[in-house]
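Accompanying notes for the structure given below.
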Amino acid sequence: MGPAAPGPVHPGADVCPCGDDSRVLAERPDGTVVRHAGAVAKAHAHGTDRAGLAARLAVAAHPALAGVLLPPLDPAAADLHGRPVTLWPYGTPVDPEDPGAAPWEEAAELLARLHRTPPDALPPGLPRMRGPAKAARAVARLRAAGPHPASAPVLRAWAALPAWARDEAPATHAAALCHGDLHLGQLVRHPAPAGRWLLIDVDDLGLGDPAWDLARPATWFACGLLPSDAWHRFLGAYRAAGGPAVPAGAGADPWPALDVPARALAVQTASLAVAKAVAAGRPLDEVEQAVVDACARMGAAPPEPPGAVVR
C-alpha cells in the first residue's frame with residue numbers, strides 16, 4: 001500500500017506535493033497502516049463491515065467526541081483495490097522505551113469521557129463493541145494452531161466465561177460507548193509532537209460493557225506485568241473522571257465488574273501467545289507463560305457475575 005498512499009491523501013492530484021515521504025507503520029492481516037507526511041492511511045481488511053466502519057467513523061468525527069477520539073481527515077472511507085481506506089492526521093505515539101512516562105492517567109480520563117458519552121447523542125447505526133469478537137478470534141486461532149501443552153488451561157478458562165464474553169450472546173448488563181481494544185498503543189499526541197493525548201483506532205468501537213476497556217491493564221496487573229502503582233493511578237484517574245465501569249469511591253472493590261472482562265483478555269492474550277509460539281516452533285517466553293499461568297489459576301474459582309452499571 002505504501003506507494004498507493006498518496007492517492008487517497010491527495011485525491012485528484014497528478015503529482016504528490018510531499019515528495020517521497022511514505023513509510024509503513026504497521027502491516028497485519030487486519031490492516032495496513034502507512035504514514036504519508038502529516039497523514040496516516042489505514043487499509044482495512046478485505047471483508048470489513050463497511051456499514052459498521054462508516055458508523056464508527058461518524059462517531060470519531062462527531063463533536064461529542066472532540067478531545068477524546070482522533071477525528072478522521074475524511075469521515076468517509078475511500079476504496080483501494082477493494083479494501084476500505086480511512087485517513088487520519090498523524091499523531092505522536094507512546095514511547096515504548098520510556099515506560100515511566102506512560103500516560104496511564106490520561107488514558108483513564110479519556111476512557112471515562114468516552115464511557116460517559118450518552119448513546120442517544122451518537123450517530124445512528126453504531127454496532128456492538130468488538131472486544132468479545134476479538135477474543136473469540138484469538139481462541140479460534142489457538143485451536144487452529146495445533147497441539148500445545150498450554151492450550152488446555154487456556155481453553156478451560158475460555159469455556160468457563162459467560163456467553164457474552166465469548167461473543168456468543170449480546171451483553172445485557174451495560175451499554176456504554178466503548179473503545180473495544182484499549183492499550184497504550186491506542187493513544188497519540190495530536191497535533192504532533194506534543195499535543196494532547198487522544199484515542200485512536202475505531203475498528204472495535206461500539207456499545208457494550210465499559211469494563212472491557214479496563215480489562216487489559218487489569219489483566220496485566222493481576223499477572224504481575226503492570227506495577228501496582230501504575231494500575232492504581234490508572235484506576236484512580238478513571239474514577240476521579242466519573243468513569244462508570246467500576247463502582248465509585250477509592251475503597252470500592254472494582255473486581256466484580258472487571259473479573260469477566262479481565263479473564264477474557266487473559267485468554268485472548270494467552271491464545272495469541274501460544275499460537276505464535278507454535279507457529280515459530282519456540283517455547284513460551286516469561287511474559288507469555290505468566291498469562292498462561294493466570295488462565296490456569298482461573299480454574300480454581302468461577303468468574304464473578306457482572307457488576308458494572310452505567311450511571
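If you read the sequence from its start, that first residue is 1, and numbering goes on from there.
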**Report entry** Donor-acceptor under 3.5 Å (Ser151 side chain, Pro147 main chain)
**Finding:** no
Query - Leu111 reachable from Trp231 in the ILVMFWY side-chain graph, under 4.5 Å edges - result: yes
Query raised in the report: Can you list the residues that meet the ring-ring contact (aromatic ring centres under 6.0 Å, His included) rule with His148, with sequence neighbours excluded?
Result: none
Atom pair [atom1] ([X]) and [atom2] ([Y]), whose distance is rounded to the nearest 0.5 Å:
| X | Y | atom1 | atom2 | answer |
| --- | --- | --- | --- | --- |
| Asp213 | Leu110 | CG | CG | 11.5 Å |
| Glu168 | Leu161 | CD | CG | 10.0 Å |
| Leu182 | Leu214 | CG | CG | 7.5 Å |

Which pairs pass side-chain hydrogen bond (donor to acceptor under 3.5 Å, both in side chains) with one or both residues in [range], sequence neighbours excluded?
| range | answer |
| --- | --- |
| residues 117-131 | Arg130-Asp204 |
| residues 265-285 | Arg282-Glu288 |
| residues 50-61 | Arg50-Asp79 |
| residues 91-110 | Glu105-Arg233 |

Query raised in the report: Judged by modelled atom types alone, do His115 and Tyr238 share a side-chain donor-acceptor pair under 3.5 Å?
Result: yes
Query - Salt-bridge criterion met for Arg137 and Asp167 (N-O under 4.0 Å) - result: no
Query - Note: Arg297-Asp293 ion pair, threshold 4.0 Å (strictly below) - result: no
Query raised in the report: By side chain to side chain contact (heavy atoms under 4.5 Å, CB included), which residues pair with Ser228, not counting sequence neighbours?
Result: Phe221, His232
